[in-house]
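Here's the structure, in structure tokens; my notes come after.
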Amino acid sequence: MIEITLPDGSIKEFEKGATPMEVAKSISEGLARNVISAKFNDTTVECSTPLTKNGSLTLYTWNDKEGKKAFWHSTSHIVAQALEELYPGVKLTIGPAIENGFYYDVDLPEGNISEKDFPTIEQKALEIARGKHDFEMRDVSKSDALKFYKEQGNEYKVELIENLEDGSITFCDHDTFTDLCRGGHIPNTGIVKAIKILSVAGAYWRGDENKPQLTRVYGISFPKQKDLTEYLELLEEAKKRDHRKLGKELELFTFSQKVGQGLPLWLPKGAALRERLEQFLKKAQKKAGYEMVVTPHIGQKELYVTSGHYAKYGEDSFQPIRTPKEDEEFLLKPMNCPHHCEIYNTRPFSYKELPKRYAEFGTVYRYEQSGELHGLTRVRGFTQDDAHIFCTPDQLDQEFKEVIDLSLYVLGSLGFEDFTAQVSVRDLENPEKYIGSAENWEKAEQAIINAAKEKGLDYVIESGEAAFYGPKLDFMVKDALGRHWQLGTIQVDYNLPERFELTYKGSDNEMHRPVMIHRAPFGSMERFIALLLEHTGGNFPLWLIPDQAIVLPVSEKHEKYAEKVLKSLEINEIRALIDNRNETVGKKIREAEMKKIPFMLIVGENDESSTTVSVRRHGGEDLGAISIENFCDLVSTEINSTLKSFKE
Ligand SMILES: [Zn+2]
Ligand SMILES: [Zn+2]
């Protein structure tokens, strides 16, 4: 008999050789119907793998990340079989699951795959899936594995196998198809009910541009047709909300080939929006005891050698700038932290003066390959809402809580309600990987966990995910389309205070090293605005949106009155504009809708005589005729309901 420990801690006895599926059946038939993958002692196993020793078992369904991974990876086998049948002579390489679906990289004998071929591939793959073929793993010797692929003339799989150890090589079979694979499949092909080929792209073998170019076929699959329909609708919605598209339509930012790729240019409306975001955070930071600093866009190479950033960004980044006469070397600033360490170093501090909190909207530059650039989310120059807190180890606890408060305030004011936190801690089995004393690490990790608990965050602890220089907390924000974004990292750092020899005088009159916290609730202005655009579809919170209202006179006759309305709005600090073109009100409304302006104030004969405005909300709701004063009250009430003062 063997003892199997289940995630709830309960231990059950089974015959030696029992499979995860049998364990599932012993719990409930319902669970057994839904289980598609399993993990035994931290190794992914098949549902049919015989368990031969004591250990802990986790069963996964479609609703688990691991379950989806097995599902999509298994579908990549099915699609590979379809490709083999449709494109005789195709050479298969690798086919992993990815965040949303899977891909398979193939070397086509001739021609290419285009969008018009997708339905044929989907149909073929579904036909295979309907056959309900079991996925079966088998061990194979290295020589047999090599023989199998040499006969097919598949040099890619041969290369993969040559790098594997004899005795560790497995094949996976289903139907008439065989693939080199480490495992992690769903029980059979029949569970896959819907398959969609999403796109094709070129991809170099092993990501090396000197190696052959392959065709990467992207796809996704689901256990129900309905799930696929929903997913495609979501994709459609994501396209509509693409920040690059919205940024253009709302005239927020642009790119110029002349200025250079990955270097966003902020247009007046976008710059004003950024300014509002900055002011919002500056105001809260001031209350939270931060002091603003300003540092240059470049720094001497030595600065970044000291900080260690040169080793990380130097070689593969923008190359140093040399001065013409003295032959000095400068780098574009990849991080603000070294500059802030030097600010701390300008004078000695006593423990009584800590924490010091230096904040800066600091623009940094990092070289990204042109293929990696994407709108505002991957750029070469961006502005971080950066701050560094220098405190004593005893203050970490309190500081961490305060940074969490600030981050929660930022998320709340911008309409992000669905988020979790991830606490990244050491891998206790490899303590040599980390800098700083075990005692300090223990203290910092506890401080983060306590803070997360006390602030009521929904958090998970990820062991081994901490950077070598300190533990951290990340907010994982779910946007309106259900996508997850990492936002607002709070990072503890023992490394930079050491490298910059930062000190403070303790109560014992001895010199000590402060602890440093890096934090940026937005992350960067660019990425945050991109996320905000996609989350809200351009319908920003009222306090932030570029134009809050537009005045639409129904005819030329009411232009004067419209101007008067506009003036009153401006006096009341409402950002408004007027559309007095000689167009129909219908057309003006449609265009204002496109521009996502929250309020349209239509003014005609009746409004003028009774000094009112007829208010129509973005989306169509009619609020009727109200006085200008009442409209201003309406706007400020709405703003105050989302934008509260920090710590009030
Ligand atoms: Zn596989
Ligand atoms: Zn930093």
Side-chain angles (χ1 to χ4, degrees), residues 241 243 246-253 266-283 410 412-416 480 525 528-529 532-554 558-559 561-581 583 585 587-604 607 611-645:
R241 289 172 178 236
H243 74 272
L246 286 174
K248 200 175 196 173
E249 287 169 6
L250 302 176
E251 297 175 23
L252 298 177
F253 58 89
W266 290 89
L267 304 173
K269 280 184 201 290
L273 180 100
R274 261 177 78 131
E275 178 66 23
R276 280 192 289 282
L277 273 175
E278 290 192 10
Q279 286 308 332
F280 153 75
L281 187 56
K282 275 182 185 165
K283 211 166 142 188
V410 167
S413 306
L414 288 148
F416 292 104
M525 302 311 286
F528 190 79
I529 290 172
L532 206 53
L533 270 168
E534 301 202 356
H535 178 57
T536 62
N539 298 303
F540 292 110
L542 191 56
W543 67 268
L544 184 66
I545 200 157
D547 299 310
Q548 295 166 320
I550 185 164
V551 188
L552 309 176
V554 296
H558 307 291
E559 242 172 64
Y561 177 63
E563 299 278 1
K564 227 175 91 189
V565 171
L566 183 68
K567 263 263 141 50
S568 327
L569 296 179
E570 278 166 359
I571 290 166
N572 285 282
E573 289 181 0
I574 292 173
R575 295 185 292 278
L577 64 167
I578 194 164
D579 183 353
N580 50 19
R581 292 173 306 162
E583 297 285 358
V585 172
K587 188 169 182 195
K588 289 179 183 178
I589 290 176
R590 275 195 302 280
E591 287 183 16
E593 280 286 329
M594 289 280 292
K595 288 185 189 153
K596 324 242 177 210
I597 300 173
F599 295 104
M600 292 160 221
L601 310 186
I602 300 146
V603 295
D607 298 296
T611 56
T612 57
V613 286
S614 296
V615 184
R616 183 187 196 276
R617 257 179 190 282
H618 173 70
E621 195 192 341
D622 185 2
L623 303 184
I626 56 177
S627 71
I628 300 169
E629 199 183 11
N630 282 349
F631 173 71
C632 296
D633 286 345
L634 177 79
V635 171
S636 63
T637 310
E638 203 163 311
I639 287 176
N640 292 335
S641 73
T642 49
L643 185 64
K644 307 254 189 289
S645 280

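Please read all numbers here as calculations on a predicted model, not as lab measurements. If you read the sequence from its start, that first residue is 1, and numbering goes on from there.
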Answer whether the closest heavy-atom distance between the side chains of Glu621 and Arg616 falls below 4.5 Å.
no
What is the minimum heavy-atom distance between Gly538 and Leu250, and which atoms define it?
CA-CD1, 4.0 Å
Output the distance between atom NZ (Lys595) and atom CE (Met600), rounded to the nearest 0.5 Å.
10.5 Å
d(Glu591 CD, Lys587 NZ) to nearest 0.5 Å is 5.5 Å
Distance check, rounded to the nearest 0.5 Å: Leu252 atom CG versus Trp266 atom CH2?
7.0 Å
Pairwise distance CD1(Ile578) to CD(Glu563) - rounded to 0.5 angstrom:
4.0 Å
Dump the intermediate steps for side chain to side chain contact (heavy atoms under 4.5 Å, CB included) on Gln548 and Glu638, then the final yes or no.
CA-CA 11 Å; Gln548 295 166 320; Glu638 203 163 311; over 6 Å; no
Classify the ring geometry between Phe528 and Phe416 as parallel (under 30°), tilted (30 to 60°) or perpendicular (over 60°).
perpendicular
If you look at every heavy atom in Leu623 and Leu634, which pair is closest and at what distance?
CD1-CD2, 3.8 Å
Look at Arg590 together with Glu583 and state whether they make a salt bridge at an N to O cut-off of under 4.0 Å.
no
Side chains of Asn630 and Thr612: does their closest heavy-atom pair fall under 4.5 Å?
no
Which atom names give the shortest non-hydrogen contact between Pro553 and Val585, and what distance separates them?
O-CG2, 4.2 Å
Taken to the nearest 0.5 Å, the spacing of Ile571 CD1 from Ile628 CD1 works out to 10.0 Å
Would you sort out whether Leu277 and Phe540 count as a side chain to side chain contact (heavy atoms under 4.5 Å, CB included), showing the intermediate values?
CA-CA 12 Å; Leu277 273 175; Phe540 292 110; over 6 Å; no
With a 4.5 Å cut-off on side-chain heavy atoms, are Leu414 and Leu544 touching?
yes
Taking salt bridge (Lys or Arg N to Asp or Glu O under 4.0 Å) as the cut-off, I'd like each qualifying pair that reaches into residues 532-548, sequence neighbours left out, listed once.
Lys269-Asp547, Arg483-Glu534
Separation between OG1 of Thr611 and CD1 of Ile626, rounded to the nearest 0.5 Å
12.0 Å
What are the two closest heavy atoms between Leu246 and Gly537, and how far apart are they?
CD1-C, 3.5 Å
Would the number of heavy atoms belonging to other residues, nucleotides or ligands and lying under 6.0 Å from NZ of Lys282 be above 12?
yes
Atom CD of Glu573 with >12 non-hydrogen neighbours under 6.0 angstrom:
no
State whether the number of non-hydrogen atoms from other residues, nucleotides or ligands found under 6.0 Å of Glu251 atom CD is greater than 12.
no
I'd like to know if the side chain of Arg241 and the backbone of His535 have a donor-acceptor N/O pair within less than 3.5 Å.
yes
Flag, side chain of Trp543 to backbone of Phe280, donor-acceptor distance under 3.5 Å
no
Tell me, with the steps shown, if Asp607 and Val554 meet side chain to side chain contact (heavy atoms under 4.5 Å, CB included).
CA-CA 10 Å; Asp607 298 296; Val554 296; over 6 Å; no
I need the minimum non-hydrogen distance between Leu601 and Val565, along with the two atoms involved.
CD1-CG1, 4.2 Å
Residue pair Ile545 / Pro598, side-chain heavy-atom distance below 4.5 Å
yes
Closest non-hydrogen atom pair between Leu552 and Lys588, with its separation
CD2-CB, 3.9 Å
When you look at Leu569 and Phe631, which way does the side chain to side chain contact (heavy atoms under 4.5 Å, CB included) test go after all the steps?
CA-CA 9 Å; Leu569 296 179; Phe631 173 71; 3.7 Å; yes
Any donor-acceptor pair under 3.5 Å from Glu593 side chain to Gly619 backbone
yes
Test: salt bridge (Lys or Arg N to Asp or Glu O under 4.0 Å). Region: residues 625-636. Which pairs qualify, not counting sequence neighbours?
none
